Each structure stands twice: as C-alpha cells, then as structure tokens.
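These numbers were taken from a predicted model, which means no experiment stands behind them. Order of appearance sets the numbers: ligands from 1, and atoms from 1 within every ligand.
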Amino acid sequence: MEEPLKTHVEGFDDQLKGGIPRGHIVLLAGNPGTMKSSLGYSILHYNALQGLRGAYLSLEQPRSTLLAQMERAGLRHGQVQEKVAVYDVTRTRLETEDFGLKKSWTFILRSLIEDAKRKTGLDVLVIDSINVYELMAVEKDVRVELFEFFTWLKDLNVTTLIISEMSMDSGEYGTHGLGFLADGILHLKNEPVDEIHSQRRIKCVKMRGVEHSTDYFSLLFRDGKFQVVKALLK
Ligand SMILES: Nc1ncnc2c1ncn2[C@@H]1O[C@H](COP(=O)(O)OP(=O)(O)OP(=O)(O)O)[C@@H](O)[C@H]1O
Ligand SMILES: [Mg+2]
C-alpha cells in the first residue's frame, strides 16, 4: 500500500499513524484566521520538496497575496514552483458571474484539475475554499452539487484537502453535509486560554481507516514550519 501523505506538521503525523491515507478527501475546517490556507499550502510545499506534485486552487485569495503571505511566513514558493501549481481562479469567478456563466463554473474547475493531473501528474490538491465553490455552484441544489463534486474527486484519486470556513457560531465543520461526505476532518481553532490570550489548536476529528488521536494539540508556527505540542490544561 502507498505511504500515507505526511502533513509535515511536526509531531502530528505520528498522531495520524503516519499521515493522511492516499486518495482521501479531507476538510481543513476552521474559523477565519486559524491558518487554514497556510497549513494547506505548507502541506503542498513540504511534500513537493520530497518530489510530490501539488496544485493549489485559490478561489478567494489572489495568487500574489497568498504567495507573498507564504513568503513572509518562511515558505518560498520559488523553491517548489516546478512541483506546485497555484491556480488563481478568483478572476475566473468574477468573470463567470459577470457573463452570466455561473453554470459553467463547476465545469471550469473540473477541467482545470483534470488538466493539471493529465499534464504533470497530481499527488495532492488543495481547494481554498469550498464555501466559495458552494456560492458558485448554482446549477442544482447545493447538496447535490457537492455530492457530485466529491464523487468526481473520489474517482480522480488524488489526495485532496478542502478548506472549509466555519461560521463563528455554527460548530459545523462544513455546511450541507460536507462533514459526512469527507473522509477526514482536521479542525483548526483559536482557543482562548484566559481573558486576553488565545492559543492555536488542531485536532483530527475523523480520518477514515486510521486509529488516530482525538485530542486537541497546540499548533505552533515558526520559520515556515508547523509543529504540535500537547495542549496544557488551564
Ligand atoms: N509567520 C507567522 N507566524 C504566526 N502567525 C502568522 C504568521 N503569518 C501570519 N500569521 C497569522 O496567520 C493568520 C492568517 O493565516 P491564514 O491566511 O493561513 O488563515 P486562514 O484561516 O486561511 O484565514 P482566512 O480566514 O482569512 O482564510 C493571520 O491571522 C496571521 O496573524
Ligand atoms: Mg484562507
């Protein structure tokens, strides 16, 4: 069997018994600002340094600001540009809206992903974010659209990380039944530790086929590298 995909979050892969099983579709779910995009990109980045091919589909943040943010954080895209393609579909989104072509949106995205896979091969895919995808997928009922998209992704057989922005109050990892559709869920959050301070945390909520820890860990990020340490109780 193929090796699982490492998250390269130091200390966390051990908790997942090696990483994410290949071909899984995993939600990276969290409130705004919990470093979902950074984690998604860093998984592509570190796997690319080990030779794996990745693609990052940015639906909400322009490519330039995403890469500038990663660069400032210590992840230089230049190091992996041969292996990681970053597709900016923020404009495509606006254009399809302007021209009344919303219906072709899901088709455009699928073609892009298929092209990437056919041209260079694809080991890991990040979609940032599924919330924007949902807004655009208007041809059918959203649940049906998402179900079809997940089925299509599953057949594609590329390990996929889907970023899901949680609303502050819902407590749902993904809307429209996404949490059930996904093979795995990693939850990111900022946990208040007292009235003033908060800590970043990560937990594996589910990962089909893996006997994983369900603890929250403190998530640290330094010099472009994520690490988990055991979270201390107050
Ligand atoms: N070098 C760094 N070290 C620690 N934290 C950082 C660093 N660079 C950025 N951050 C923090 O990361 C957060 C944003 O990260 P990121 O964009 O990955 O989060 P996100 O969950 O994708 O956010 P959004 O909800 O905007 O999509 C910011 O709030 C910023 O404070
Ligand atoms: Mg983001």
Colleague: Please report the closest heavy-atom contact between D88 and P62, naming both atoms and the distance.
Modeller: OD2-CA, 3.4 Å
Colleague: Please list the nearest protein heavy atom to atom 21 (O) of ligand 1 with its residue and the distance rounded to 0.1 Å.
Modeller: K36 NZ, 2.7 Å
Colleague: Please could you name the atoms of ligand 1 that E165 approaches to less than 4.0 Å, counting only its heavy atoms?
Modeller: 25 (O), 27 (O)
Colleague: Can you pull out the closest protein heavy atom to atom 22 (O) of ligand 1? Residue, atom name and distance to 0.1 Å, please.
Modeller: S37 OG, 2.8 Å
Colleague: Closest non-hydrogen protein atom to atom 26 (O) of ligand 1, residue and atom name please, with distance?
Modeller: G33 N, 4.3 Å
Colleague: May I ask you to list the atoms of ligand 1 that are less than 4.0 angstrom from any heavy atom of S38?
Modeller: 15 (O), 16 (P), 18 (O)
Colleague: Quick one: closest heavy-atom pair of V205 and H187, and the distance?
Modeller: CG2-CB, 3.7 Å
Colleague: At less than 4.0 angstrom from any non-hydrogen atom of P32, what atoms of ligand 1 do you find?
Modeller: 25 (O)
Colleague: Using 0.5 Å steps for rounding, measure from the CD1 atom of I43 to the CG atom of L161.
Modeller: 5.0 Å
Colleague: Say whether M35, considering both its backbone and side-chain N or O atoms, lies within less than 3.5 Å of an N or O atom on ligand 1.
Modeller: yes
Colleague: Nearest 0.5 Å, what's the CD-CG distance between Q199 and L220?
Modeller: 8.0 Å
Colleague: Using a distance threshold of 2.8 Å, state whether an N, O or S atom of S38 lies below it from the Mg ion (ligand 2).
Modeller: no
Colleague: Provide the closest heavy-atom pair for R208 versus P21 in the form atom of the first, atom of the second, distance.
Modeller: O-CG, 4.0 Å
Colleague: Of all the non-hydrogen atoms in the protein, which one sits nearest to atom 3 (N) of ligand 1, and at what distance?
Modeller: F221 CD2, 3.5 Å
Colleague: Counting only heavy atoms on the protein side, is anything nearer than 4.0 Å to atom 28 (C) of ligand 1?
Modeller: no
Colleague: Taking NZ, NE, NH1 and NH2 as the nitrogens, is one of them in K225 or E10 under 4.0 Å from a carboxylate oxygen of the other?
Modeller: no
Colleague: Relative to atom 11 (C) of ligand 1, which among R200, Q69, R222 owns the nearest non-hydrogen atom?
Modeller: R200
Colleague: Using ring centroids (six-membered ring only for Trp), state whether Y56 and Y87 fall under 6.0 Å.
Modeller: no
Colleague: Report yes if some heavy atom in the side chain of L57 is under 4.5 Å from a heavy atom in the side chain of D128; otherwise report no.
Modeller: no
